[in-house]
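Here's the structure, in structure tokens; my notes come after.
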Amino acid sequence: MPKILVSAGEASGDLYASLVVEELRRLAPKAEFFGCTGPRLRAAGVRTVVDAASLAVVGLLEVVWDIPRIHREYRKLLAAAELERPDVAILTDSPDFHLRVARKLHRQGVPVVYLVAPQAWAWRKGRVKQMRRDISRLLCIFPFEEEFFTREGVNATYIGHPLAGLVRPSLSRDEFFRKHRLAAGRPLVSVLPGSRRGEAARHLPALLDAAGRLYRERAVNLVLPASSTSGVAFFEERLGRSAIGMIRVIEGESWDAMAHSDVALVASGTVTVEAALLGTPMVTFYKVTPLSWLAGKFLVRVPYYSMVNLIAGRAVATELMQSRMTGEAIAREALRLLTGEAARSEMQAGLAEVREKLSGKEVRQTAPQCAAAVIQDILEGQLSHVS
């Protein structure tokens, strides 16, 4: 019976890894899974050694305060690996944590499959040397990554994006509007401040300012889908009475909210990819602490910050980063998309290009199926070697 260590440190990684586990269960029904899990991996039947929520930290410098706690979880996961001797490990995203795990697992003789490539093409290119040594197979979810990593000597494969073909609304626009008592004749603007509480708290002041400006300028519906890691209560405590009357906070349903939105205000990250797959015009933003931003300016070398723009190779969506992220700027860009048909059409055409690239036309299987097939090949090689 094969044993598989699975580890994901964030909500998106938890989702992607759970989809791969579900495919592996079809290929290897008797396989046993354990590791670092979020709610989706637990639902897929992965036994929890470490809770992924304990690793959710954002920012170059913010993580310093959490190093002791993260190190304890790291040691706990590695102790479980040493005790249970997995036949293969699937490490998903969160490179600061997982590249260290990969080094130890490689020394233990455990083949490492890394899902969602570390962004060494943007910064910290020095990681590539370790990746060549410690990772058996790197599974890339963005089309430009395979060429970069293969050129650097890493065994990399582009599998397509796990969300392609998966992101879709579960309700019609009429059903969504009725469920949340939204005014049928008004445009819908969804507000997505980030899945983690820290980033959401940093973004909320500017977003509330933008929402107020939009509301005064034009009659709109405003919906804030709370992520599972933040929760509705977190936002309701911070919005205040007047804002609660203006913004409808709902539990999850981000795909429905974005799919039926005329414009989405989205924190730069996975949610921009989701909006692109849904074809929703968006304004992107992000803010970290001033020290993290300063450090990042010296370290990060990319033409764009939003993954949508990186995939397109041009500025499809407006990026309002750090000091440019103001309520006035967000509201101005949102109104431009709400009122300007040409601007909306141009962005939607760009998002269609991104969607096509993420679907991986060369890939005959879905991303989770491709990933599971790679892992199954490694497992079969391991088990035949043992026998």
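By convention here, the first residue in the shown sequence is residue 1.
- Judged as a side-chain contact (heavy atoms from CB on, under 4.5 Å), and not counting sequence neighbours, the contacts of K129 are R132.
- Using modelled atom types, no side-chain atom of E251 and backbone atom of G231 make a donor-acceptor pair closer than 3.5 Å.
- Side-chain contact check for D256 and S170: at least one donor-acceptor pair (N or O, by modelled atom type) lies under 3.5 Å.
- In plain terms, the two heavy atoms of V128 and E152 that are nearest each other are CG1-CB, 3.4 Å.
- Salt bridge status for R196 with E10: present, with a side-chain N to carboxylate O gap under 4.0 Å.
- Atoms CD1 and CG, from I90 and L139 in turn, are 9.0 Å apart once rounded to the nearest 0.5 Å.
- Between L278 and P169 there is a side-chain heavy-atom pair separated by less than 4.5 Å.
- Of all heavy-atom pairs spanning V49 and F34, the tightest one is CG2-CD1, 3.9 Å.
- The closest side-chain heavy-atom distance from V101 to L78 is below 4.5 Å.
- A pairwise comparison of heavy atoms in K287 and R202 identifies O-NE, 2.8 Å as the closest pair.
- Between P86 and I4, every side-chain heavy-atom pair lies at or beyond the 4.5 Å cut-off.
- For the pair L19/L166, a side-chain contact is recorded, criterion being any heavy-atom separation below 4.5 Å from C-beta on.
- Considering every non-hydrogen atom in both H106 and D134, the closest pair reads CD2-OD1, 3.3 Å.
- By the 30° and 60° cut-offs, the orientation of the rings of F176 relative to H260 is tilted.
- Between R26 and E23 there is a salt bridge, since at least one side-chain N of the basic residue sits less than 4.0 Å from a carboxylate O of the acidic one.
- Between Y16 and D93 the shortest side-chain heavy-atom distance does not fall below 4.5 Å.
- Atom CZ of residue F142 and atom CG of residue L358 lie 6.5 Å apart, to the nearest 0.5 angstrom.
- Distance alone, capped at 3.5 Å, places no donor-acceptor pair between the S345 side chain and the A342 backbone.
- By the rule that hydrophobic residues join a cluster once side-chain heavy atoms approach within less than 4.5 Å of another member, W255 and V354 end up as members of one cluster.
- A donor-acceptor pair under 3.5 Å is absent between the side-chain atoms of R324 and the main chain of A329, judged by distance alone.
- Between the T92 side chain and the A8 main chain, no donor and acceptor come within less than 3.5 Å of each other.
- A 6.0 Å sphere centred on NZ of K104 holds no more than 12 heavy atoms belonging to other residues, nucleotides or ligands.
- Heavy atoms of other residues, nucleotides or ligands lying less than 6.0 angstrom from CD of E346 number 12 at most.
- V113 and V46 fall within the same hydrophobic cluster, where Ile, Leu, Val, Met, Phe, Trp and Tyr residues are linked whenever their side-chain heavy atoms come under 4.5 Å apart, directly or through other members.
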Inset, instruction - In sequence, state the C-alpha distance, the side-chain angles, and the governing distance for L15 and S12, and then conclude on side-chain contact (heavy atoms from CB on, under 4.5 Å). - result: CA-CA 5 Å; L15 169 60; S12 58; 5.7 Å; no
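- Using a 4.5 Å cut-off on side-chain heavy atoms (C-beta onward), L163 and T270 make contact.
- A continuous path of Ile, Leu, Val, Met, Phe, Trp and Tyr side chains, each step under 4.5 Å between heavy atoms, connects L208 with V283, placing both in one hydrophobic cluster.
- For the side-chain contact (heavy atoms from CB on, under 4.5 Å) test with L265, the passing option among V189, L224, L222, T284 is V189; the others fail.
- Rounding to the nearest 0.5 angstrom, the gap separating the CD atom in E380 from the CD1 atom in I375 is 12.5 Å.
- Between the CE atom in M325 and the CD1 atom in I330 there is a gap of 4.0 Å [rounded to 0.5 Å].
- Here the closest heavy-atom approach between residue L351 and residue T280 is recorded as CD1-O, 3.3 Å.
- The closest side-chain heavy-atom distance from E145 to L138 is not below 4.5 Å.
- Of the inter-residue distances, the one linking L320 atom CG with E333 atom CD reads 6.0 Å to the nearest 0.5 angstrom.
- Side-chain contact of E199 with Y286: a donor-acceptor pair under 3.5 Å is present, judged by distance alone.
- L83 forms part of no hydrophobic cluster, judged by ILVMFWY side-chain heavy-atom separations under 4.5 Å.
- Other residues, nucleotides and ligands contribute over 12 non-hydrogen atoms within 6.0 Å of the CD atom of E84.
- For R314 and E353, the salt-bridge test passes: some basic side-chain N is under 4.0 Å from an acidic carboxylate O.
- Linking ILVMFWY side-chain heavy atoms closer than 4.5 Å, directly or via other members, places V273 and V167 in a single hydrophobic cluster.
- Judged by distance alone, the side chain of R181 and the main-chain N or O of R178 form no donor-acceptor pair under 3.5 Å.
- Summarising the geometry, atom OG belonging to S7 is positioned 5.0 Å from atom CZ belonging to F97; distances are rounded to the nearest 0.5 Å.
- For N221, the side-chain contact (heavy atoms from CB on, under 4.5 Å) partners two or more places apart in sequence, or in a different chain, are F177, L182, A183, R186, L188.
- Side-chain atoms of R100 never come within 3.5 Å of backbone atoms of H71 as a donor-acceptor pair (strictly under, hydrogens ignored).
- With 3.5 Å as the limit, one finds a donor-acceptor pair spanning the side chains of T48 and T37.
- One N or O on the side chain of K357 and one on the backbone of I311 form a donor-acceptor pair closer than 3.5 Å.
- The main-chain N or O of S306 is found under 3.5 Å from a side-chain atom of E319 such that the two form a donor-acceptor pair.
- For CZ of R133, the number of neighbouring non-hydrogen atoms (other residues, nucleotides, ligands) closer than 6.0 Å is greater than 12.
- Counting heavy-atom neighbours within 6.0 Å of E175 CD, excluding the residue itself, gives a total above 12.
- Taking 4.5 Å as the limit, some side-chain heavy atom of Q119 sits within range of a side-chain heavy atom of M307.
- A salt bridge does not link D51 to K76: none of the charged nitrogens lies less than 4.0 Å from a carboxylate oxygen.
- Nearest approach of F234 to A200, heavy atoms of both residues: CE2-CB, 4.0 Å.
- When atom types are taken as modelled, the side chain of E217 and the backbone of L335 share no donor-acceptor pair closer than 3.5 angstrom.
- Follow the hydrophobic side-chain contacts under 4.5 Å out from I378 and you reach I159 in the same cluster.
- Without hydrogens or angle criteria, R355 side chain to A276 main chain gives a donor-acceptor distance under 3.5 Å.
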